[in-house]
Amino acid sequence: MAEVIWGLATSHVPSIGAAMDRGKTEDPTWKDLFDGYAPARAWLAEHEPDVAIVIYNDHANGIDLDIIPTFGIGTADRYQVADEGFGQRPVPDVIGDPELSLHLLEHLVDEGFDLTVFQELEVDHGLTVPLSVWTPDPGDAWPCPVVPILVNVIQYPQPTAARCYALGQALGRAIAGYPKDATVGILGTGGMSHQLAGARAGYINPEFDTMWMETIQTDPARLAALSREELIRQAGSEGIELIMWLIMRGAMNDQVAKIHSHYFVPASNTAAGVALFDNRVSQPA
Amino acid sequence: MNPETPAGRFDLPGTPVFDGQTSRRGLRMNKMFMSLRTAQNRERFLADQSGYCEEFGLTPEQQRAVLDRDWQAMIDLGGSIFYVYKLAMMDGLSMQYLGGVFTGMTEQEFQAAMRAGGRRDG
């Protein structure tokens, strides 16, 4: 069977990728952010999984507004890095794991989560920036194959936080039921307070972000009870991306150990958070 | 605020919520923004902006907003910020620049507000 060994929550702000691609990680504007990643990167380098599942959203690159899947899954053996309008990021294409994708799809559909299937998908910064947060210098290939799970967080109604948490729990059961032995890392991406448009653009709520970072470890069900309106009020209209962290957390055990976390303002127009959890800790009886 | 802007979905002043009706209003315009991902389409757009807008079926108001680079009007007329940003990127403008436009600040003032920890009011 497969085992989730860690979960990584991280923002996926495009300028974080751009700062890395342009060698600006030591600039005063960026140094604190990247220094904050270092302990997580060091631990992750020592705990390489056989496969990673990345929960993310597309930003007008792989999918249009013609069809808006609430949840989707990639089943391809390779995902090309998208040109988002300024050329492709100089990072490797993402290798898929169709066998695991199809297993997860079947299990999740059986549990009532009707995911849209992507047999072809270009992946944008929503997926590649978290991979860069994990592995800054991938060389010719990322550390392992990746299964992309997509979430609509762009157009209201986004799935509820509770539905995302439940999907994560079903995902955890699906992984446990995989017949092959494999270690799995899960990334829940996006989020922390931000709003890009409107008179409230630039809104940052560090108290809410700090509460979220702590509670995602200790009491995710409490976060899953928050309404869309409350999330948009507290974290900004794009801060609702935080619901993707709940899918990651739901796939993990009740008790997890925090390896590292870091919070930084601003990455472009938003707060940026990273939190890394070890799933292999003893559980309450 | 554009007079056509409907009442917000929530009582959250200054917070556009991109919902289904907004998306229906902005679909043609957003599809045009997404097309700007390729260099070939950017060249075609720049060679004949109004013709390109007509090709995508934008309303006259949307076309005017695009040609005038009236970023607030694009949002009011159904633009998604993630799609509108494609046009800004083509123009060499940053998300901080857009943040300044939406909040009545210069790009430098908006950046300074973010570096000071972000805007807290609201």
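These numbers come from the heavy atoms of this one structure, side chains and all, not from hydrogens, waters or symmetry mates. Proteins get letters first, then strands, A, B, ... in listed order; numbering begins at 1 in each.
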Any side-chain to backbone donor/acceptor pair from B:R9 onto A:E229? Under 3.5 Å, distance only.
no
Rounded to the nearest 0.5 Å, the CG atom of B:D19 sits from the CZ atom of A:R228 at a distance of 11.0 Å
With chain A, the option among B:M89, B:M90, B:K31 that has the most non-hydrogen atom pairs under 4.5 Å is B:K31
Tell me, with the steps shown, if A:E238 and B:I81 meet side chain to side chain contact (heavy atoms under 4.5 Å, CB included).
CA-CA 10 Å; A:E238 279 69 48; B:I81 185 63; 4.0 Å; yes
Minimal heavy-atom distance between B:F102 and A:A201, with the atoms involved, is CB-CB, 4.4 Å
Honestly, the part of B:F110 sitting under 4.5 Å from a heavy atom of chain A is side chain
When the 4.5 angstrom heavy-atom criterion is applied to B:T15 and chain A, the contacting part is both
The reported gap from CE in B:M34 to CG in A:D64 (rounded to nearest 0.5 angstrom) is 4.5 Å
Between the OH atom in B:Y83 and the CG atom in A:L65, the distance rounded to the nearest 0.5 Å is 3.5 Å
Cut-off 4.5 Å, heavy atoms of chain B, and the answer for A:T29 is side chain
**Message:** Under a 3.5 Å distance rule, please check whether B:R115 uses its side chain to pair with a backbone N or O of A:P266 as donor and acceptor.
**Reply:** no
Output for pair (A:Y203 OH, B:R119 CZ), nearest 0.5 Å, gives 11.0 Å
Among A:A199, A:P14, A:S237, the residue with the most heavy-atom pairs under 4.5 Å to chain B is A:A199
Residue from B:S23, B:P13, B:G99 scoring the most non-hydrogen pairs under 4.5 Å with chain A is B:S23
Worksheet item: Can you list the steps and then say if B:S80 with A:I154 is a side chain to side chain contact (heavy atoms under 4.5 Å, CB included)?
Response: CA-CA 8 Å; B:S80 155; A:I154 287 180; 4.2 Å; yes
Assert top hit (heavy-atom pairs under 4.5 Å, partner chain B, pool A:P206, A:A271, A:A82) equals A:P206
In short, B:M114 meets A:T270 closest at the heavy-atom pair CE-N, 3.9 Å
- Message: Are there over 12 heavy-atom neighbours, none belonging to B:R24, within less than 6.0 Å of that residue's CZ?
- Response: no
Per-residue tally against chain B (heavy atom, under 4.5 Å) across A:Q158, A:H59, A:H194 peaks at A:H59
Side chains of A:N61 and B:K86: does their closest heavy-atom pair fall under 4.5 Å? yes
Looking only at A:S193, A:G198, A:P157, most heavy-atom pairs under 4.5 Å shared with chain B are made by A:G198
Taking A:Q195 for its side chain and B:G14 for its backbone only, find out whether a donor-acceptor pair lies under 3.5 Å.
yes
Correct closest heavy-atom pair for A:A197 and B:I75 would be CB-CD1, 4.1 Å
Distance col, row A:N269:CG vs B:L98:CG, nearest 0.5 angstrom, shows 8.5 Å
The interface call for B:D11 against chain A, heavy-atom contacts under 4.5 Å, is backbone
When the 4.5 angstrom heavy-atom criterion is applied to B:M95 and chain A, the contacting part is both
dist B:F10:CZ -> A:I232:CD1 (nearest 0.5 Å) comes out at 5.0 Å
Report task. Could you tell me whether B:Q40 atom CD has more than 12 heavy atoms of other residues or ligands within 6.0 Å of it? Result -> no
